[in-house]
Amino acid sequence: MALAAAAFGGVVIAGALQHDVGWGPTGPGAGYFPLRIGLLLVGVALLLALTHALAGVAGRFAEPGAMRRVGALLLPTVVFGAAIAPLGAYVPMTLYLLWMARVQARARWPVALAVALGTPAAFFLLFETWLTVPLAKGPLEEALGIY
Amino acid sequence: MEGFAALLHGFEVALTFHHLALMVAGVLIGILVGVLPGLGAPNGVALLMPLTFFMPPVSAIILLSSMYWGALLGGSTTSILFNIPGEPSSVATTFDGHPMAKQGKAAEALSLAFLASGFGALCGVITVTVVADDIANFALRFSPAEYFAVYLLAFCAFIGMGGTNPLKTAVSLLVGLSLATIGMDTVSGEMRLTFGQDQLVRGISFLVAVIGLFGIGELLATADETEKVEGIRARVRLAAVLSTLAQMPRYTVALVRSAAIGIWMGLTPGGPTAASFMSYGVARRFSRRRDNFGRGEPEGVVSPETSDHAAGVSALLPMLALGVPGSATAAVMLGGLMIWGLQPGPTLFQDRPDFVWGLIASMYVANLVAVVLVLATVPIFASVMRVPFGLLAPLIMTICLTGAWMVSGSGFDVLLALGFGVLGYLMKKLDYPIAPLVLAMVLGDKAEDAFRQSMLMSRGDLTIFWSNWLVASITTLALLLLAWPLLAGLLRGGATALRRPAE
Amino acid sequence: MTHRTAAPDAVSRFRASRRLLLLGGGAALLARPALAQAWQPARPVEFIVAAGPGGGTDQFARIVQSIIQKHNLMRTPVIVTNKGGGAGTEAFVYGRGAAGDPHKVVFGTNNVWLMPLVTRVGYGLSDLRPVASMAADEFILWTHTDAPFRTAKDLVEAARERQGAFRMGGSQARDTDHILTKLIERATGVTFTYVPFRSGGEVAVQLAGGHVDANTNNPAENIGQWRAGRVRPLCVFNTQRLTLPEKVHNGVGWSDIPTATEAGIGPAEFRMPRTVWLPARTTDAQAQFWTQLLARVRETPEWKAWLESGSQGDLWQTGAELAEFIRRDEATNREHFREYGWLVEQG
């Protein structure tokens, strides 16, 4: 984690160097603060990593069961999130909820179906129809001409 | 007592059946948009705006401001129950509100939050009533140097030697500051840290980060902790509300102090989000139960909520008097004013007293309506909490991701929210504090802009931050607050040193 | 843009194929070309505002939306979304991604063609199709009431004496206010310290509080402070005086403000057009529909009232005339920006 933060600090420095990093007559340039922030971040993060290494804090990050549970929630969600832009919000939402309810939560079919179909329908009525906020649309919505 | 007569007239305007109905409608819509992450009060106002084109200006502003109060309260509800701040300004409420809810004290936390909000709003509106005429003159004193000093004050009040590892706090803060610089730089007009990516040009949305860090991160952490999570039983009975009301005097100091911070930050350009963070930080610093903060300390709910609302209410007046919005929501309302044919500015008070005082009177009534209504909605949310985690988690995830999409209609933001979710989970797991990151994202770029504007104006002379009594006192206070742990130590040391010879 | 991600490409490819599909279907249904001319939106339309909520551009889009709704000028509903990131470039990048989609209408100013000159952006002027310019916002040189100078000429002389320490406030860097400040410098040979803020409203307050010495705000941004007697107009950057008869403060009104030429400073004219765009690869018939719709919006009393409330000028340009105007304006500014060292080559 500390090393990742240090790496991020490096990225910040690289970005900052594309700008004026000096303190001109009219105050600091665009890259002045980002450069210092990046340098500080690298420094603090490395220090932190060092103290960890010295203290020998290896320790298990989490017990395997916990990792499995987090993965079971996170992985389908990432797939869902990635699918929103190309496929629209509604189709992935239905499939995601169906998967989570039926396979993960082991809900009975009627409950799973109600959740998976009811939520997108409720979202559609609430956002699109009433609040007129467009959600992501994909080929299915296109074909149905809802969009 | 010219103002008092004007206020009475305002009540005549506000207390018609038509306007009361608008308040109820506005508050309900507000609670809804406040509860949904990503769809905050600014969106709510923007959505209702077309409706208001066909109303008289007073009705329009009553509808919109009522919606705003509802949204502020709705945002607190989800902060406490789900750890998802519906509004940026309710982030600080999650720190203790959600732990309280997890301990089964959801009803108490919610009642505390709402009652504190009500108190804050009341203080705010009373202030507004009293000083309405002088606000414009006061706010004009704020140049970039004063802005910077106010942001610095908010920073210093919040960042201190909290319980956690100071190195980790520093990492969190620095990451937040870095994230805040992404996108277009106001002062130079250059794109920073975008590396040519179009998606990064608009910067990292604060809302997307918050949805990820808090909402998604919390769900992952909960999944980590236990196989089966018991739903939080939040049943607000009238008895619970009343008993909380009876406890309120216990928090008098916190309430008054937070209201003062809120009003100050509302009248100056700090805004509600900075106010709630600052008030939380100050409360923690000066509380006798400091160690309990972050673990479900009631004072940690009362303080940010009071400030948030006091600031939200008092920020509306500078907007009318100056035409400068203190928050994103106010910015949209300001656009509305012009469309309704009103000219915000110092003369609005003379030109349209019916409008200004109608609005002020409506703030008294609408905040009351809002608190009552939001208490009534709690059983609905409480029943949601009884859904098993296996079903609830994907539903909340869906709401979070949809919220992230709605921030600017981009798939990139959805992935970003997920990324922040993982980051939030890891930070929680490895004991990195999240709050400094969030605060840095809120204030970082504003503070940098203000600093560089000041430098442009003073031609690089740092003494501009002590150039008049106003800016000098704020800057000094900020530095004092930052150094407080050290000073307190010195004082204590000094006191013991003095006492010792006497022994 | 060499570093562009694959995503926008994928989107535009997808949109393109969809458009072919739609057009194919349309052609099959409406075989007669005369009917194909009368294109109408088939779906909800999105108005994309190239600015955050609350400012002039936002009002522009929302006024058009409210007029369309009030007068029932269109059958499908209109949604307004704000994409103000990167000084509006976010909206134009979005417009690029929506190539060929006539249901996306982008509302901006001259920033559409000026932004690509000064900063790296993810679109080019060819990614958007100009539909109309509907209004022009005026620029006025203002100072605060306590300032000693009574005329624009005095102000310029005072600035000359202070050798660059004269503070000129404006919104955003390398945007209209900054460009105008540079033009005044060119015309008069003085230098200002330009202090960029986030919005015109902020600049107005900074001037009223005496924290900056002058600004070049639009009328709507400063009128509140003028009415209260805290700021004073010195000249308007237009070849003709403003025509509104209203007296704002102490018997002085819009029509009493001298033009820049009368005041003896330059530039003679500087105005900001408010423009409406469609994504590229939309058809002439589709552009035609929007031009006609906007022409009808222009006729309504609500539109005229809005122009008047911000004392904006009428500037109706469409088609080839507008394209030519943009081409010329872009070329002039490119020259100037090269001189200031602002020009950024799009990689």
Side-chain angles (χ1 to χ4, degrees), chain A residues 1-2 5 8-9 11-12 15-16 19-20 23-31 33-34 37-38 40-41 44-45 47-48 51 61-62 65-66 69-70 72-74 76-78 80-82 84-86 89 93 96-97 100-101 104-107 111 115 119 123 127 131-136, chain B residues 32-33 39 43-44 47 165 167-168 170-171 174-175 177-178 181 185 187-188 190 192-195 216 219-220 223-225 227 388-391 393-395 397-398 401-402 404-406 409-412 414-415 417-418 421-422 425-427 429-430 432 448 451-452 454-456 458-460:
Chain A
M1 184 73 178
F8 181 69
V11 174
V12 173
H19 302 278
D20 172 19
W23 184 296
T26 52
F33 285 108
I37 290 167
L40 262 176
L41 184 55
V44 172
L47 198 64
L48 197 61
T51 52
F61 171 70
R69 286 194 300 273
V70 172
L73 175 62
L74 182 61
T77 313
V78 170
F80 168 39
I84 286 183
M93 191 190 295
Y96 168 74
L97 287 172
M100 293 304 284
Q104 304 271 355
R106 299 192 188 84
V111 177
V115 169
T119 313
F123 272 41
F127 293 117
L131 295 176
T132 66
V133 181
L135 296 189
Chain B
L32 184 73
V33 296
L39 197 75
N43 301 66
L47 295 173
N165 187 336
L167 282 180
K168 288 181 173 177
V171 167
L174 289 166
V175 170
L177 286 173
S178 314
T181 60
D185 170 34
V187 176
S188 69
E190 289 169 37
R192 294 194 296 184
L193 294 174
T194 58
F195 299 100
I216 299 175
L219 286 174
L220 294 177
D224 178 303
E225 277 160 21
E227 189 76 46
F389 184 72
L391 278 179
L395 277 174
M397 280 288 190
T398 310
L401 294 192
T402 313
W405 167 273
M406 284 186 298
S410 121
F412 177 73
V414 177
L415 296 177
L418 279 168
V422 175
Y425 165 66
L426 290 176
M427 287 176 80
K429 208 62 195 152
L430 299 171
Y432 281 81
E448 190 198 343
F451 182 78
R452 286 166 59 196
S454 310
M455 287 297 102
L456 275 173
S458 72
R459 317 199 93 193

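To the nearest 0.5 Å, atom CG of residue Leu40(A) and atom CG of residue Leu174(B) are 5.5 Å apart.
Annotation for Ala170(B) and Val44(A): closest pair CB-CG1, 4.0 Å, computed over non-hydrogen atoms. In terms of heavy-atom proximity, Leu219(B) sits nearest to Leu73(A) at O-CD2, 3.8 Å. Closest approach of Leu391(B) and Ala101(A) over heavy atoms only: CD2-CB, 3.5 Å. Contact between Leu41(A) and Val171(B) at its shortest, heavy atoms only, is CD1-O, 3.8 Å. Residue Leu415(B) comes nearest to Gly81(A) through the heavy atom pair CD2-C, 4.0 Å, listed as atom of the first residue, atom of the second, then distance.
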- request: Check step by step if side chain to side chain contact (heavy atoms under 4.5 Å, CB included) holds for Phe33(A) and Thr181(B).
  value: CA-CA 9 Å; Phe33(A) 285 108; Thr181(B) 60; 5.7 Å; no

Between Met397(B) and Tyr96(A), is the side chain to side chain contact (heavy atoms under 4.5 Å, CB included) condition met? List the steps. CA-CA 10 Å; Met397(B) 280 288 190; Tyr96(A) 168 74; 3.4 Å; yes

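For Phe123(A), the ring-ring contact (aromatic ring centres under 6.0 Å, His included) partners two or more places apart in sequence, or in a different chain, are Phe127(A).
Contact annotation for Phe412(B): neither backbone nor side-chain heavy atoms come within less than 4.5 Å of a heavy atom of chain A. The parts of Ala82(A) that come within reach of chain B are both its backbone and its side chain, each placing non-hydrogen atoms under 4.5 angstrom from that chain. For Ile216(B), no part sits under 4.5 Å from any heavy atom of chain A, backbone or side chain.
Chain B forms more heavy-atom pairs under 4.5 Å with one residue of Ile84(A), Leu74(A), Leu48(A) than with any other, namely Leu48(A). Contact count against chain B (heavy-atom pairs under 4.5 Å) is highest for Leu97(A) among Thr119(A), Val115(A), Leu97(A), Val111(A). Of the listed residues (Ser410(B), Gly411(B), Pro394(B)), the one with the most heavy-atom contacts under 4.5 Å to chain A is Pro394(B).
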